[in-house]
Amino acid sequence: MAGAAEDARALFRAGVCAALEAWPALQITVENGFGGVHSQEKAKWLGGAVEYYFMRNADLELDEVEDFPGELLTNEFDTIVEDGSLPQVSQQLQTMFHHFQRGDGPALREMASRITQRKRKVTATALKTARETDEDEDDVDSVEDMEVTAPNDGAATDGVCSQPEPSDPDAQTIKEEDIVEDGWTIVWRKK
């Protein structure tokens, strides 16, 4: 009987890892080094931390499940997830934990497999799109104006979002009207 429980826990662990690896918000933070030089290690640690959180808290509500990975991303990666994916990932994690609690190994295996397959499909589509984009680089008119916002609190953030000093006297300067009242600066793409 102990072997079946260990197998279910291993399947739950694999499911948690699959859900986190397929989470685009986490992958973007890791790929761009938002967690510093140890972003990869932090992402791996995150899987273990989420598993441990579920094991210590058997009857979690969905909002509690959402809060935990959200706080970890904020604290460890300086990232706030606002793309709507946090509730989806949290729901997947909670569903997997319910399967684990019932000892439903086949359902855990199936869920992890579906998540992994979906991730592969998205990755393959992204690669295809990137290749198609490379071929269309000559068509500059197809790119629309981009708007990027960055916090303007006067503090540098480990060089990730710091603004370089303009070396070109023609470089665009930030005008007073570009500073929004919330402390954000709007940076416009030059044409």
Side-chain angles (χ1 to χ4, degrees), residues 1-131 133 150-151 155 157-161:
M1 189 70 178
E6 289 300 317
D7 290 342
R9 184 156 182 177
L11 288 171
F12 176 65
R13 181 179 308 119
V16 168
C17 291
L20 295 176
E21 288 172 5
W23 189 13
L26 177 60
Q27 296 315 307
I28 289 169
T29 61
V30 171
E31 289 170 10
N32 290 295
F34 293 174
V37 295
H38 301 291
S39 291
Q40 293 285 343
E41 292 83 4
K42 286 181 179 182
K44 289 178 184 176
W45 167 82
L46 184 66
V50 169
E51 177 191 359
Y52 183 78
Y53 180 70
F54 274 100
M55 294 301 157
R56 296 291 176 229
N57 302 288
D59 57 345
L60 294 169
E61 297 294 322
L62 185 58
D63 60 335
E64 295 172 308
V65 175
E66 284 180 35
D67 288 345
F68 186 69
E71 287 177 20
L72 288 177
L73 276 177
T74 300
N75 295 336
E76 299 298 327
F77 295 95
D78 295 324
T79 302
I80 297 173
V81 179
E82 294 181 338
D83 65 350
S85 64
L86 185 57
Q88 293 171 342
V89 171
S90 300
Q91 181 64 50
Q92 288 175 339
L93 294 171
Q94 189 175 35
T95 302
M96 283 188 274
F97 188 66
H98 288 304
H99 290 313
F100 165 74
Q101 287 178 316
R102 284 185 262 135
D104 193 354
L108 280 169
R109 193 174 292 111
E110 173 64 27
M111 241 183 123
S113 175
R114 266 187 297 145
I115 292 169
T116 303
Q117 288 175 352
R118 203 170 331 143
K119 177 188 175 204
R120 287 184 187 141
K121 188 186 307 183
V122 169
T123 304
T125 303
L127 289 174
K128 180 180 176 187
T129 305
R131 287 187 190 130
T133 304
T157 55
D158 296 329
V160 173
C161 296

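The first residue in the sequence is number 1, and the count goes up from there. Because the structure is a prediction, the values reported are computed rather than measured.
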Which pairs pass salt bridge (Lys or Arg N to Asp or Glu O under 4.0 Å) with one or both residues in [range], sequence neighbours excluded?
range	result
residues 101-113	E110-R114
residues 28-48	K42-E76
residues 52-69	none
residues 45-54	R9-E51, R13-E51

Rounded distance (nearest 0.5 Å) linking atom [atom1] of [X] with atom [atom2] of [Y]:
X	Y	atom1	atom2	result
M96	Q101	CE	CD	13.0 Å
D78	T29	CG	OG1	10.0 Å
L86	L26	CG	CG	11.0 Å

Considering all heavy atoms of both residues, which atom of [X] and which atom of [Y] are nearest to each other, and what is their separation?
X	Y	value
A18	I115	O-CG2, 3.4 Å
L72	A49	CD1-CB, 4.2 Å
S39	G35	OG-N, 3.0 Å
D83	A25	OD2-CB, 4.1 Å
G47	V16	O-CG1, 3.7 Å

For Q91, the side-chain hydrogen bond (donor to acceptor under 3.5 Å, both in side chains) test, sequence neighbours excluded, returns T95
What pairs meet the ring-ring contact (aromatic ring centres under 6.0 Å, His included) rule with one or both residues in residues 6-30, with sequence neighbours excluded?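 Found F12-F54, F12-F97, F12-F100.
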Is a donor on one side and an acceptor on the other found under 3.5 Å between the side chain of T74 and the backbone of T79? yes
Taking Q27 for its side chain and A22 for its backbone only, find out whether a donor-acceptor pair lies under 3.5 Å.
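Not at all, since once roles are kept as given, no pair shorter than 3.5 Å links the two residues.
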Sequence neighbours excluded, the answer for ring pair (Phe, Tyr, Trp, His ring centres under 6.0 Å) partners of F77 is none
Qualifying residues under ring pair (Phe, Tyr, Trp, His ring centres under 6.0 Å), relative to F68, sequence neighbours excluded: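 Testing F68 for ring pair (Phe, Tyr, Trp, His ring centres under 6.0 Å), a comparison that skips the adjacent residues, returns Y53.
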Applying side-chain contact (heavy atoms from CB on, under 4.5 Å) to S90 and L62, what does each step give before you reach the verdict?
CA-CA 7 Å; S90 300; L62 185 58; 4.0 Å; yes
The side-chain contact (heavy atoms from CB on, under 4.5 Å) partners of Q88 (sequence neighbours excluded) come to S85
